[in-house]
Amino acid sequence: MRDDEKRPWTREEFEQKLREKGAGYHIHHPFNVRMNSGQLNPDQIRGWVANRFYYQISIPLKDAAILANCPDREVRRRWIQRIIDHDGRQGEEGGIEAWIRLGMACGLSREEIVSLKHVLPGVRFAVDAYVNFARTRPWQEAVCASLTELFAPQIHKERLANWPQHYPWIDPAGYEYFRKRLSEARRDVEHGLTITLDYFKTREQQERALEILQFKLDILWTMLDAIQLAYCK
């Protein structure tokens with residue numbers, strides 16, 4: 001092996017490698033492309049919203065696992081905001097409630113959404129694998145897996161720009177989740193990226209970080225594979 005193949009990437013090179021993983025983000029999945037270009041019918045949109053809800057309610061569980069495994073008080077003090085963002089608190093509804101309202105804006109009932117009756121086995125399996133990863137791996141690896149947030153603002157922007165014209169039957173009040181995540185995701189990724197760049201120092205560790213990020217990308221892609229198979233026959 002040549003010396004340049006063994007040396008650690010610089011901080012800038014490593015960050016660029018992480019960002020290049022965006023080529024595999026689920027924004028490019030055929031189902032999302034169809035959804036963003038107005039090619040889905042109401043049942044397909046509702047199927048996606050109902051299944052994605054299982055991911056939404058699992059995000060605080062993932063973040064709680066990171067907190068449980070993290071001995072660094074300063075990291076915990078910042079990371080806990082992610083749980084509040086999704087679970088909400090007294091007088092301030094969070095992302096989970098906002099997603100329920102998105103479902104209701106699409107024609108689902110609250111009871112239908114929270115019952116998880118529409119959640120597909122493939123979606124459940126993929127999401128549970130992600131939560132299990134956060135519970136069983138070092139907390140820094142779970143933080144690295146969260147870096148798909150690098151690519152999230154673009155997907156929210158596209159939905160806010162395209163859904164109102166393609167799906168006028170959806171109540172615009174349901175789009176609050178996408179609006180909130182535009183700022184929250186940018187804030188979150190700054191913290192997660194700093195932790196990752198600081199922790200994964202050797203070339204072997206940096207390559208491991210890329211594998212972890214690919215794992216998370218695969219989780220998101222697999223969810224859409226299952227949804228597409230079930231709703232696009």
Side-chain angles (χ1 to χ4, degrees), residues 8-33 35-36 48 52 55-56 58-63 65-67 70 72 75 78-86 94-95 98-99 126-127 129-131 133-134 137-162 175 177-225:
W9 291 309
T10 66
R11 193 177 183 89
E12 293 73 21
E13 289 172 335
F14 182 29
E15 180 175 343
Q16 182 59 32
K17 295 284 185 184
L18 292 166
R19 291 186 181 278
E20 286 172 0
K21 284 290 185 180
Y25 190 51
H26 66 159
I27 196 172
H28 304 296
H29 191 285
F31 185 89
N32 188 75
V33 172
M35 181 164 60
N36 195 51
W48 175 76
R52 179 80 182 190
Y55 179 79
Q56 301 305 131
S58 298
I59 291 174
L61 303 181
K62 174 267 296 183
D63 289 323
I66 291 175
L67 290 176
C70 177
D72 188 317
V75 171
R78 289 188 64 180
W79 203 270
I80 198 170
Q81 182 62 45
R82 295 170 179 247
I83 295 178
I84 296 170
D85 286 343
H86 281 84
W99 196 270
V127 174
Y130 180 39
V131 175
F133 179 89
R137 298 302 303 166
W139 67 271
Q140 297 94 335
E141 291 197 359
V143 167
C144 179
S146 76
L147 288 183
T148 49
E149 290 166 333
L150 282 166
F151 323 117
Q154 184 60 35
I155 208 169
H156 297 317
K157 282 183 188 176
E158 291 188 2
R159 288 168 185 160
L160 287 169
N162 297 326
Y175 296 142
Y177 177 86
F178 302 143
R179 295 188 189 96
K180 288 185 63 177
R181 287 307 296 166
L182 279 174
S183 58
E184 291 173 355
R186 290 191 183 97
R187 178 206 64 207
D188 291 347
V189 78
E190 179 184 350
H191 187 209
L193 182 59
T194 298
I195 291 172
T196 298
L197 295 176
D198 286 345
Y199 177 76
F200 295 88
K201 290 288 194 182
T202 70
R203 181 64 169 271
E204 182 179 10
Q205 288 174 326
Q206 291 169 338
E207 290 177 346
R208 169 63 178 158
L210 294 179
E211 292 173 355
I212 292 167
L213 185 51
Q214 184 61 56
F215 161 76
K216 175 60 182 309
L217 290 165
D218 290 345
I219 292 290
L220 297 172
W221 198 273
T222 297
M223 289 171 61
L224 287 187
D225 279 346

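These figures come from a predicted structure and were not determined experimentally. Throughout, numbering of the chain's residues begins at 1 and tracks the sequence.
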Ignoring hydrogens and angles, tell me if any N or O in the side chain of Asn162 forms a donor-acceptor pair with the backbone of Glu158 under 3.5 Å. yes
If we only count heavy atoms from C-beta on, is the Thr148 to His26 side-chain gap below 4.5 Å? no
Please name the pair of heavy atoms, one in Phe200 and one in Gln140, separated by the smallest distance, quoted to 0.1 Å. CE1-O, 3.9 Å
Shortest non-hydrogen pair, Leu213 vs Ala145, comes out as CD1-O, 4.5 Å
Verify the neighbour count for atom CD of Glu190: are there more than 12 heavy atoms of other residues, nucleotides or ligands below 6.0 Å? no
State, with a plain yes or no, whether a side-chain heavy atom of Trp79 is found less than 4.5 Å away from one of His191. yes
In the structure I gave you, are the side-chain heavy atoms of Asp85 and Arg187 within less than 4.5 Å of one another anywhere? yes
State, yes or no, whether a side-chain contact exists between Lys62 and Phe133 at a heavy-atom distance under 4.5 Å. no
With Glu204, which residues qualify under salt bridge (Lys or Arg N to Asp or Glu O under 4.0 Å), at least two apart? none
Pair Arg181 + Glu149, salt bridge at N-O below 4.0 Å: yes
If we only count heavy atoms from C-beta on, is the Thr10 to Gln16 side-chain gap below 4.5 Å? no
Minimum side-chain heavy-atom gap Leu193-Arg19 below 4.5 Å: yes
Are the side chains of Arg11 and Asp198 in touch, meaning some heavy atoms are under 4.5 Å apart? yes
Taking side chain as C-beta onward, heavy atoms only, is Tyr25 less than 4.5 Å from Leu150? no
For Arg82, does its backbone N or O pair with a side-chain atom of His86 as donor and acceptor, under 3.5 Å? yes
Mind checking whether Trp9 and Phe14 have parallel, tilted or perpendicular rings, split at 30° and 60°? parallel
Which heavy-atom pair separates Pro30 from Trp221 by the least distance, and what is that distance? CD-CZ2, 4.1 Å
Flag yes if more than 12 heavy atoms outside Leu160 fall under 6.0 Å of its CG atom; otherwise flag no. yes
Heavy atoms of Gly95 and Tyr177 approach each other most closely as O-CD1, 3.5 Å
Side-chain donor or acceptor of Gln154 paired with backbone N/O of Phe151 under 3.5 Å: no
